[in-house]
Amino acid sequence: MQMKKTITDRVSWVGKVDWELTTFHGEEYSTWRGSSYNSYLVRDEKTALIDTVWLPFAEEFVSNLKQTVDLNTIDYIIVNHAEIDHSGALPLLMKEIPDKPIYCTKNGIKSLQGHYHQDWNFVPVKTGDTIQLGSTSLVFVEAPMLHWPDSMFTYMTGENILFSNDAFGQHYATELLYNDLVDQCELFAEAIKYYANILTPFSSLVTKKINEVLDLGLPVDMICPSHGVIWRKDPLQIVQKYLAWADSYQENQITIVYDTMWNATRRMAEAIAEGIQESDGSATIKLMNAGKEDKNDIITEVFRSKAILVGSPTINRRYLSSIGAFFEIIRGLRFSGKKAAAFGSYGWSGESVKLMAEDLAEAGFELVDEGCRVMWKPDGDALDACRDFGRRFGQAL
Ligand SMILES: Cc1cc2nc3c(=O)[nH]c(=O)nc-3n(C[C@H](O)[C@H](O)[C@H](O)COP(=O)(O)O)c2cc1C
Ligand SMILES: [Fe+2]
Ligand SMILES: [Fe+2]
């Protein structure tokens with residue numbers, strides 16, 4: 001059974017570590033390292049509970065919480081974000097303490113009512129509103145669209161803790177709780193994947209909100225997100241990362257995303273990579289078969305890239321379905337400042353390259369070449385043409 005973990009004299013973690021989770025948001029987000037739903041209990045003269053856990057763990061959560069605190073002594077329930085992974089245990093908790101006030105944004109009330117259809121004792125809060133807990137207090141900061149209209153942060157004075165909910169979180173199961181205790185490669189791999197796949201569309205809001213909070217000059221000793229580890233060692237390092245990630249982030253990387261039926265397009269991809277390597281020798285080049293690789297891992301690599309190439313043969317006058325799914329995702333994420341081109345094999349009509357180029361442009365990529373097309377399986381000359389195309393692409397960056 002998951003018992004509470006002490007963070008400070010006044011703050012404890014009362015969440016759930018979900019080691020078994022392999023997908024999140026239905027099947028949209030792979031969670032190779034599990035996740036956690038972080039709920040926090042804050043005790044001063046008054047007691048507040050910040051967020052709960054996902055629905056499947058509601059019973060476990062409420063029964064553990066009862067062993068930690070007399071539920072009737074909870075004065076305030078804070079809902080930073082109404083998504084089910086944080087509010088799922090709320091209905092069961094509210095059965096036990098039905099009259100307790102729930103503090104959330106105006107949009108939070110709408111989301112909670114939209115999900116649970118209950119007339120709970122809602123108290124809408126705005127940026128700057130404060131609850132005095134004793135010598136400490138909770139200050140609310142609205143963060144609309146980071147990543148839902150209802151999202152907000154809660155800052156605890158005295159302890160100098162920012163409860164940031166999904167922002168700065170990672171789908172990362174660990175029993176160790178703190179950023180400095182875990183494997184740093186794993187931690188940052190999960191943090192960048194989370195940003196790339198969930199926060200990319202809101203990058204301009206990320207920059208604005210972070211600067212707004214930094215301008216308040218509040219001391220931040222810890223950032224307690226709603227997934228993954230607590231940032232206690234150099235907590236602002238993840239804030240600095242977010243500022244970099246929000247600013248059309250790119251590394252010296254080129255990712256070639258392709259799919260293939262009979263390996264013609266794969267051979268093209270490999271020859272193109274050779275050409276790029278000749279003209280842009282220092283760039284990291286990665287080939288990813290969209291039909292085989294995890295879609296979120298592909299998106300993370302695209303996020304890190306300065307340019308991408310997308311390849312598919314023509315099938316039924318279109319492109320392959322894994323490439324269609326890839327375009328659906330990147331259209332929504334709206335990356336900025338990245339270059340691109342398309343390539344592919346065909347047998348007779350050969351529409352795929354033109355269609356992919358159009359989709360890349362629509363997704364906000366800058367096309368630097370009209371693309372490369374090969375009929376059937378590439379022979380030596382065709383592979384030379386692919387290498388040429390790769391060299392041209394590398395030079396155009
Ligand atoms: C089911 C199927 C449908 C196809 N439809 C088209 C088509 O509409 N137009 C076209 O030019 N080629 C079409 N082709 C031919 C492929 O584009 C061609 O075989 C190509 O070389 C395959 O490349 P790959 O080895 O990368 O899969 C089709 C092939 C298959 C198997
Ligand atoms: Fe969320
Ligand atoms: Fe979440």
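Counting starts at 1 for both ligands and their atoms, following the listed order.
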Problem - Any N or O of Asp259 closer than 3.5 Å to N or O of ligand 1 - result: no

Practice task
Could you go through the ring-ring contact (aromatic ring centres under 6.0 Å, His included) check for Phe163 and Phe153 one step at a time?
Solution key: CA-CA 6 Å; Phe163 297 96; Phe153 304 155; over 10 Å; no

Problem - Any donor-acceptor N or O pair under 3.5 Å, side chains Ser322, Asp259 - result: yes

Problem - Atoms of ligand 1 close to Trp262 [distance to a heavy atom under 4.0 angstrom, numbered from 1] - result: 24 (P), 25 (O), 27 (O)

Problem - Cation-pi geometry met for Arg373 and Tyr346 (6.0 Å, 45°) - result: yes

Practice task
Report yes if some N/O of Gly347 lies less than 3.5 Å from some N/O of ligand 1; otherwise report no.
Solution key: yes

Problem - Test item: side-chain donor near acceptor, Arg10 and Ser135, under 3.5 Å - result: yes

Exercise for the section: Report yes if Pro313 has an N/O atom closer than 3.5 Å to an N/O atom of ligand 1; otherwise report no. Expected result: no

Exercise for the section: Give the residue and atom name of whichever protein heavy atom lies nearest to atom 16 (C) of ligand 1, and the separation in Å to one decimal. Expected result: Thr314 O, 3.5 Å

Exercise for the section: Give the atom name of whichever N/O/S atom in Asp166 sits closest to the Fe ion (ligand 3). Expected result: OD1

Practice task
Among the N/O/S atoms of Glu83, select the one at the shortest distance from the Fe ion (ligand 2) and name it.
Solution key: OE1

Handout entry: Nearest protein heavy atom with distance in Å, relative to atom 21 (O) of ligand 1
Key = Ser345 OG, 2.6 Å

Problem - Main-chain N/O of Ile299 paired to Lys193 side chain as donor or acceptor, under 3.5 Å - result: no

Problem - Residue and atom name of the nearest protein heavy atom (relative to atom 5 (N) of ligand 1), distance in Å to one decimal - result: Asn316 N, 2.8 Å

Practice task
Please calculate the NE2(His81)-the Fe ion (ligand 2)-NE2(His147) angle and round it to 10 degrees.
Solution key: 90°

Exercise for the section: Considering only non-hydrogen protein atoms, determine which one is nearest to atom 25 (O) of ligand 1 and report residue, atom name and distance to 0.1 Å. Expected result: Ala264 N, 2.8 Å

Problem - Donor + acceptor pair across side chains of Asp99, Asn121 (<3.5 Å) - result: no

Handout entry: Minimum-distance atom from the Fe ion (ligand 3) among N, O or S atoms of Asp85
Key = OD2

Problem - Qualifying residue, where the test is ring-ring contact (aromatic ring centres under 6.0 Å, His included) with His227 and the options are Tyr172, Phe168, Phe24 - result: Phe24

Handout entry: Proximal candidate to atom 10 (C) of ligand 1 [heavy atom criterion; set Pro378, Ser349, Gly311]
Key = Ser349

Handout entry: Heavy atom of the protein closest to atom 29 (C) of ligand 1 (residue, atom name, distance)
Key = Met261 CE, 3.7 Å

Problem - Nitrogen or oxygen of Arg266 less than 3.5 angstrom from that of ligand 1 - result: no

Practice task
Could you tell me whether some N/O pair between Arg317 and ligand 1 is separated by less than 3.5 angstrom?
Solution key: yes

Practice task
Assess the pair Phe61 and Tyr37: is the distance between their ring centroids shorter than 6.0 Å?
Solution key: no

Exercise for the section: Answer yes if the ring centres of His171 and His25 are under 6.0 angstrom apart, and no otherwise. Expected result: no

Handout entry: Winner among Ile315, Thr260, Val374, Leu320 once heavy atoms are compared against atom 24 (P) of ligand 1
Key = Thr260

Practice task
Give the residue, atom name and distance (to 0.1 Å) of the protein heavy atom nearest atom 19 (O) of ligand 1.
Solution key: Trp376 CZ3, 3.4 Å

Exercise for the section: Determine whether the side chains of Ser111 and Asp150 contain a donor N or O and an acceptor N or O closer than 3.5 Å. Expected result: yes

Exercise for the section: Taking atom types as modelled, find out whether Asp44 and Thr136 have a side-chain donor-acceptor pair closer than 3.5 angstrom. Expected result: yes

